[in-house]
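Proteins get letters first, then strands, A, B, ... in listed order; numbering begins at 1 in each.
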There are 2 protein chains.
Amino acid sequence: MSNATHTLDAAERYCAERGLSLTPVRRRVLELLVDAGGPVKAYDLMAALKPGGSAQPPTVYRALNFLTRSGLAHKVEALNAYTACLCDYSHDKSGHDTVQLFICECCDTINERHIHKSPTDAPEGFRVSRSVIEYYGRCARCVAC
Amino acid sequence: MSNATHTLDAAERYCAERGLSLTPVRRRVLELLVDAGGPVKAYDLMAALKPGGSAQPPTVYRALNFLTRSGLAHKVEALNAYTACLCDYSHDKSGHDTVQLFICECCDTINERHIHKSPTDAPEGFRVSRSVIEYYGRCARCVAC
DNA sequence: TCTGTGGGTGTAATATAATTACATAACGTC
DNA sequence: GACGTTATGTAATTATATTACACCCACAGA
Ligand SMILES: [Zn+2]
Ligand SMILES: [Zn+2]
Ligand SMILES: [Zn+2]
Ligand SMILES: [Zn+2]
């Protein structure tokens with residue numbers, strides 16, 4: 001259901017091309033993330049996965065690990081939350097190590113940029129393997145909130 | 001004790017100038033962070049605060065909140081850890097909203113840069129109020145590790 | 001001096017986030 | 001059919017952080 005269908009189909013293709021198996025659980029978690037359109041807590045995903053009965057933590061954390069490893073989702077570190085990757089599926093998500101997140105604290109939406117440059121003022125000789133870049137503030141629609 | 005004395009004296013002056021009260025608990029937590037020279041977990045601080053007996057969580061979290069609010073320490077979001085601010089105390093730490101951390105995953109040391117620029121490719125109209133910028137990798141001494 | 005008031009701390013309980021360990025299932029390979 | 005690999009189910013536990021309430025103390029005004 002929802003307008004997430006298109007995105008999910010693209011994810012399906014993305015996984016098929018790379019030998020990644022987007023199983024029902026993983027696909028369902030991704031769908032929940034896409035539908036939310038913003039940061040979602042792992043325990044909220046758990047509740048949504050099995051309304052009445054409720055899934056166990058490992059179920060959702062394993063799915064989230066798969067999705068983040070594959071580049072289909074990102075963890076929002078400062079919120080302990082997760083969000084679907086919003087970037088255009090036409091480019092390779094595995095080269096995906098430099099992501100900037102712009103999180104509106106008012107309407108809870110996330111904008112995302114994938115950048116390809118290294119930090120300008122790293123210490124001499126420091127070799128970056130992973131980066132966490134999150135900006136919090138207000139989006140254009142929420143400046144007046 | 002330790003080579004942290006100099007830094008702590010500077011923190012003392014810094015607080016005095018601004019009407020911030022660096023109480024014994026807060027000072028002790030800062031000292032532990034400075035001595036560690038890298039990311040420290042809140043529960044490790046708790047254990048160190050009262051060896052035998054152990055302090056309660058609010059004690060250390062309140063101290064950490066004070067230190068981070070004041071700019072004397074930073075939270076390392078992706079590690080759920082905390083680190084003393086390493087920047088030169090001569091400049092104002094309250095204008096301290098843009099900090100870059102370079103964390104060596106090998107030797108566990110942190111380098112820090114305070115930058116004064118905004119992100120170049122923020123969404124149109126997005127107003128940043130807080131940023132989290134963390135780079136993980138290997139420092140110059142650990143490239144071979 | 002009395003009396004608030006506000007900031008800081010002590011303590012217990014609770015909430016939130018994530019991992020470990022072990023059993024089971026599904027699938028392809030030999 | 002036996003086996004290795006990958007994914008899932010389930011229970012228990014660990015790790016991280018907050019809430020609520022009591023107490024203390026320095027300080028300001030009456
Ligand atoms: Zn992305
Ligand atoms: Zn907004
Ligand atoms: Zn700093
Ligand atoms: Zn190193």
query = First and last nucleotide of DNA chain D in contact with chain A, 5' to 3', at under 4.0 Å to a heavy atom: what are they?
reply =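 Range of nucleotides touched by chain A: D:dA7 to D:dA11.
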Indicate if [X] and [Y] have the same hydrophobic cluster label, given that clusters are the connected sets of ILVMFWY residues with side-chain heavy-atom separations under 4.5 angstrom.
{"X": "B:V99", "Y": "B:Y135", "answer": "no"}
{"X": "B:L45", "Y": "B:V34", "answer": "yes"}
{"X": "A:I133", "Y": "B:V76", "answer": "no"}
{"X": "B:F102", "Y": "B:Y136", "answer": "no"}

query = Does the pair A:R113 and A:L101 meet the rule for a side chain to side chain contact (heavy atoms under 4.5 Å, CB included), with working shown?
reply = CA-CA 7 Å; A:R113 298 279 184 276; A:L101 299 179; over 6 Å; no
Base-contact (B) and sugar-phosphate-only (S) positions in nucleotides 13-19 of chain C, heavy-atom cut-off under 4.0 Å, - elsewhere = ----BBB
Sole residue of B:T23, B:L22, B:V25 in side chain to side chain contact (heavy atoms under 4.5 Å, CB included) with B:F66 =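 Between B:F66 and the candidates, side chain to side chain contact (heavy atoms under 4.5 Å, CB included) is satisfied uniquely by B:L22.
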message = Taking any heavy-atom pair under 4.0 Å as a contact, classify B:R62: base, sugar-phosphate, or nothing.
response =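 Base: the residue B:R62, judged by heavy atoms under 4.0 Å, touches a nucleobase.
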key: B:F126 and B:P119, any side-chain heavy atoms less than 4.5 Å apart   =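 No, their side chains stay 4.5 Å or more apart.
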ask   = Given C:dT11, is OP1 or OP2 found less than 4.0 Å from the side-chain N or O atoms of B:T59?
value =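 Negative; the distance criterion is not met.
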request  = For the helix from C:dT1-D:dA30 to C:dC30-D:dG1, measure the angle between the helix axis at one end and the axis at the other, each built from five pairs, rounding to 10°.
outcome  = 10°
message = Please evaluate residues B:N80 and B:K75 with respect to the criterion side chain to side chain contact (heavy atoms under 4.5 Å, CB included), reporting the C-alpha separation (whole Å), side-chain torsions for both, the decisive distance (0.1 Å), and the verdict.
response = CA-CA 7 Å; B:N80 291 321; B:K75 178 168 186 185; 4.1 Å; yes
key: A:E77 side chain vs A:V132 backbone, donor-acceptor pair below 3.5 Å   =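 No, because the side chain of A:E77 does not come within donor-acceptor range (under 3.5 Å) of the backbone of A:V132.
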inquiry  = With a 3.5 Å distance limit and no angle check, can you tell me whether A:T98 reaches the backbone of A:H116 through a side-chain donor-acceptor pair?
reply    =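 Judged by distance alone, no pair lies under 3.5 Å.
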